[in-house]
There are 2 protein chains.
Amino acid sequence: MRLYFVYISPVVSFQHPIQVVARLTGLTPHVIRVWEKRYQAVMPTRTGTNRRLYSDAEVDRLRLLAQATAAGHKIGIIAKLETEDLKRLVATVSGGATAPSIAAVLDTESQAGLRGPAEIALVSEPQRSMRSGTTRDWDHDGDLLRAAMEATATFDSGALQRTLERAAVQFGHNGVLHRVVCPLAADLGERWQQGLITAAHEHFASAVIRDFLTRLARPYAVTPSAPCAVVTTPSGQLHELGAVIVAAAATHWGWKTVYLGPSLPAAEIAGAATQNRARAVLLSVVYPADDASLPAELAQLRQYLPDDTEIFIGGRAARAYAPALKQVRVHIQTDLESLGDRLEEMRANRFGA
Amino acid sequence: MRLYFVYISPVVSFQHPIQVVARLTGLTPHVIRVWEKRYQAVMPTRTGTNRRLYSDAEVDRLRLLAQATAAGHKIGIIAKLETEDLKRLVATVSGGATAPSIAAVLDTESQAGLRGPAEIALVSEPQRSMRSGTTRDWDHDGDLLRAAMEATATFDSGALQRTLERAAVQFGHNGVLHRVVCPLAADLGERWQQGLITAAHEHFASAVIRDFLTRLARPYAVTPSAPCAVVTTPSGQLHELGAVIVAAAATHWGWKTVYLGPSLPAAEIAGAATQNRARAVLLSVVYPADDASLPAELAQLRQYLPDDTEIFIGGRAARAYAPALKQVRVHIQTDLESLGDRLEEMRANRFGA
DNA sequence: TGTCGTATGTCAACTCTTTGTCTCAAACTT
DNA sequence: AAGTTTGAGACAAAGAGTTGACATACGACA
């Protein structure tokens, strides 16, 4: 009998030199080497001339270690852990490492103090200050934001992308959403309204961020049983950045998301939702905040959709429509975290309205 | 006495001299030669007088190598890799910078994984070069288009992405634009107008294709001296797919492109173009075809821009505005290839108007 | 509170590889 | 005639390796 080994290893795995690993993990080559020397955190193979070569698994492991140390864990302790344990550790911690920061909101002004920074932390927070040097150049979120703004001002898409990617390795998928993308989006909107940047800048940044987010959310494998969410903006709402953020977040939360781009009429949204048997429709409204036809549009959407499909609406302008939406069952969620909580509830129980 | 074999040898696709390849890849002729000499990265054919001639495939390969080295990989190692492997390598290191598990990236079933994960490093490559040109499952563009349409109809973004990726592997970057993306976009527009698909489908597909294209075009090394093009759609033109295609193509042609998303007023476009010292502004107009304010908008744009900045306009509705644009120096280019030719002229001579 | 040991990131020095660049002369192209 | 292309060899800058020292933050203990 014959065994076909060929097809058993499905994907060619690459070996990465230390430079690549550094970029992929956000660690410096120095640190990677010293972790190996002191703690045997990884044991890369070597080329004939003694250069290190890391497998994908080792890159993953280093990334996990980087995230765990960023959350305050001691490298000397966790370096001994199995990779699986590391994953669990990061999974439990990541809530603490990322969530406690800024209650990231789509609308700027009201983002003040929904919760104190340390409240949710599972790990003691103070280390954050010392962690500064751990991951390269960027000490605070502020630096990253400034760099992103700078790149936007000069239309430097490459720089903006690199900044976002750096933020992603530093803060993780969830963290980058809350701590960088959301504030950045809010900041953009604000500066635009203040006339500090032009619409071109805002469009430009939107396109780059959108691209970054879709790429960020992509690699997640969706479980077949994952609930489905349709993400879009209602007719007349041309700004899609908020919707893209929500789509990325929803994907991160384990939903199968169908992203439809901006400005769709109710009937269209309903059609797509029905066809996908979506459990939730997520809408972002940013501007304008006084579209008289929007409430009717939403009422119509509510009517078209099956009863067990929930509608969530968020974004800077969402609250403006709150009074008009009292009647129809449309949930307003202006901050990302509480939207996450609601969605989490939904997949747990059937979200008893 | 010398015979010029150039045009005698059976030319499958166009062959490029080294200078052109340099521009297309961002590498210097020196580097291209030395990569060939030291690592046999590519083996260009020669003219009767020993000049190198590169095929499109080799240009693609060099571009991939350039991207991978830019990401930190060692040319000495990756030069041995199969082109297909290079593609995936580039996808993992530049696209999935934060992918939790790199192994999950592309599970193309057509990959005969001849080597286990550990083997690859030092062992000389098993020869699989013969697989290069063969087409597997998809014999005709039509099949791919059908698959793409199918995926669109069912809102299956994963399937649509995979279809596009496959097309990219099969036809190369340039080919996928001409043979798949453009027809697909046209088809979408047509079916939408005929009511065969809804706007939601069209939006959905646009978002996925857009994402695919930005990813496709993104990591190209741009020569510092590359001319700059600003890509967008004029006010009121909400469909950005055409613009995205043009942006991807322009990047492919070696331009530094600044993509601004859809629907920008003339002043904004002019501002961005000026700030970037753009040599060209590329606009896509699809719908509506009877916007009375558009000609004035374009005239204004022409007025704002420096004289040596050319404006090109394309897209399904472009011709509808042709009469109105007689006066202003705005060039109408409805097909991608001739736009490419024009841009090529521009960078060659200063495009004597 | 102050001091010391420990943990951990950073730096310097030196060597060896790798890789991009340069030069030059001859051949080719326009 | 002026500019490119080619091939070979030389060169230099950058990168990666190792080792050992150093600095800083934290915790423990007086």
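Quick caveat: nothing in here was measured; it's all calculated off a predicted structure. The analysis underlying the following values was restricted to heavy atoms, covering all of them including side chains, and did not include hydrogens, waters or symmetry mates. Labels below follow one simple rule: chain letters A, B, ... track the order of the sequence lines, proteins then strands, and each chain is numbered from 1.
Counting non-hydrogen atoms under 4.0 angstrom, Arg52(A) reaches the backbone sugars and phosphates but no base. Thr28(B) comes within 4.0 angstrom of sugar-phosphate atoms only, judged by non-hydrogen atoms across all strands, and of no base. Residue-level contact check: Arg38(A) touches the bases, meaning some heavy atom is under 4.0 Å from a base atom. Using a 4.0 Å heavy-atom cutoff across all strands shown, Lys37(B) reaches at least one base atom of the nucleic acid.
Taking atom CG on Leu65(B) and atom C1' on dT18(C), their separation rounds to 16 Å, with Å as the unit. The separation between Trp35(A) atom CH2 and dT18(D) atom P is 18 Å, rounded to whole Å. Between Arg33(A) atom CZ and dA12(C) atom P there is a gap of 14 Å when expressed in whole angstrom units. Counting to the nearest Å, the P atom of dT17(C) and the CD1 atom of Ile77(B) are 15 Å from each other. A straight line from CG of Leu53(A) to P of dT17(C) spans 16 Å, rounded to a whole angstrom. The CD1 atom of Ile78(A) sits 15 Å away from the P atom of dA7(C) (whole-angstrom rounding).
By the side-chain contact (heavy atoms from CB on, under 4.5 Å) test, Ala159(A) pairs with Ala151(A), Asp156(A), Arg162(A), sequence neighbours left out. Every residue two or more places apart in sequence or in another chain that forms a side-chain contact (heavy atoms from CB on, under 4.5 Å) with Pro17(A) is listed here: Val20(A), His73(B), Lys74(B).
Proximity of a side-chain donor or acceptor of Lys87(B) to a complementary backbone N or O of Thr83(B) within less than 3.5 Å is not detected. One N or O on the side chain of Arg61(A) and one on the backbone of Ala79(A) form a donor-acceptor pair closer than 3.5 Å.
For Gln19(B), counting side-chain heavy atoms from C-beta on, the closest listed nucleotide (dA8(D), dT10(C), dT5(D)) is dT5(D). Residue Arg46(B) has its side chain nearest to dT6(D) when only dT6(D), dT19(C), dA12(C) are considered. Considering only side-chain atoms of Ile75(B), the nucleotide from dG17(D), dT10(C), dG20(C) that sits closest is dG20(C). Closest to the side chain of Lys74(A), out of dT6(D), dA16(D), dT8(C), is dT8(C). Among dT19(D), dG7(D), dG17(D), the nucleotide with an atom closest to any side-chain atom of Asn50(B) is dG7(D).
Comparing Tyr54(A) and Arg51(B) by the nucleotide of DNA chain D whose heavy atom lies nearest to each, the residue mapping closer to the 5' end is Arg51(B). Nearest-nucleotide assignment on DNA chain C puts the 5′-proximal partner with Tyr39(B), out of Tyr39(B) and His30(B).
Aromatic ring pairs are classed by plane angle as parallel below 30°, tilted from 30° to 60° and perpendicular above 60°; the pair Phe204(A) and Phe155(A) is perpendicular.
Axis orientation changes by 50° from one end of the helix from dT1(C)-dA30(D) to dT30(C)-dA1(D) to the other, with each end axis drawn from 5 pairs and the value rounded to 10°.
At a cut-off of 3.5 Å, with distance as the only test, no side-chain donor of Ser55(A) or Gln15(A) sits close to an acceptor on the other residue. Between the side chains of Asp335(B) and Ser338(B), at least one donor N or O sits under 3.5 Å from an acceptor N or O.
Two rings, from Phe312(B) and His331(B), have their centers less than 6.0 Å apart.
The phosphate of dT18(C) has OP1 or OP2 within less than 4.0 Å of a side-chain N or O from Thr49(A).
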